[in-house]
Visitor: 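Quick one: this structure, given as structure tokens, is what I'll be asking you about.
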Amino acid sequence: MLRSYQAKPTPPGTWYTYISGQPAKGQVTIGIPCSLCGGVLGKKGNNLRFISQSTLCSISLQKREDVPEGTVYREAVITGSPKGVERAV
């Protein structure tokens, strides 16, 4: 999936890039730097699973093999209640 998008500004001090969606509508897509994805996932996906369970959100992270060569970000789609999405981000 080759997708080009323009990153939108995010609050200072954040480590992700906003791509699309609105937390108020219950879905947002963010770009996570490839270099930080291992930390977000955690060992055997434990960190991602903890975030998902504690916010009651569904989180899908773009697979490494689906990321085109030279891409800086992997897409993460977060879906759930507006408050849950806001907390997950």
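Given the structure is predicted, the values throughout are model-derived calculations rather than measurements.
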Visitor: Please tell me whether Leu56 and Val89 are part of a single hydrophobic cluster in this structure, the criterion being side-chain heavy atoms less than 4.5 Å apart.
Guide: no

Visitor: Without swapping roles, check the side chain of Arg74 against the backbone of Ile32 for a donor-acceptor pair under 3.5 Å.
Guide: no

Visitor: With a cut-off of 6.0 Å (strictly less than), are more than 12 heavy atoms of other residues, nucleotides or ligands near CD of Glu65?
Guide: yes

Visitor: Any chain of hydrophobic side-chain contacts (each under 4.5 Å) joining Ile19 to Val77?
Guide: no

Visitor: CD1/Ile78 to OG/Ser58 distance, rounded to the nearest 0.5 angstrom?
Guide: 9.5 Å

Visitor: Out of curiosity, Thr29 OG1 to Tyr16 OH, how far, rounded to the nearest 0.5 Å?
Guide: 12.5 Å

Visitor: Report yes or no: does Ser54 contribute a side-chain atom to a donor-acceptor pair with the main-chain N or O of Phe50 at less than 3.5 Å?
Guide: yes

Visitor: Less than 4.5 Å apart, any side-chain heavy atom of Val85 and any of Thr79?
Guide: no

Visitor: Within a strict 4.5 Å, meaning less than it, do heavy atoms of the Cys34 and Tyr73 side chains meet?
Guide: no

Visitor: As an exercise, state the distance from CD1 of Ile51 to CG of Asn46, rounded to the nearest 0.5 Å.
Guide: 11.0 Å

Visitor: Strictly distance-based, threshold 3.5 Å: is any side-chain N or O of Asn47 a donor or acceptor partner for the main-chain N or O of Gly39?
Guide: yes

Visitor: So how far is it from Ser81 OG to Arg87 CZ, rounded to the nearest 0.5 Å?
Guide: 8.5 Å

Visitor: Between CD of Gln62 and OG1 of Thr71, what distance do you get to the nearest 0.5 Å?
Guide: 7.5 Å

Visitor: Which pair of heavy atoms, one from Ala24 and one from Pro82, lies closest together, and at what distance?
Guide: O-CG, 3.4 Å

Visitor: About how many Å separate OG1 of Thr55 and CD of Glu86, when rounded to the nearest 0.5 Å?
Guide: 11.5 Å

Visitor: Restricting to non-hydrogen atoms, name the atom on Gly84 and the atom on Cys57 that form the minimum distance, rounded to 0.1 Å.
Guide: C-SG, 3.2 Å

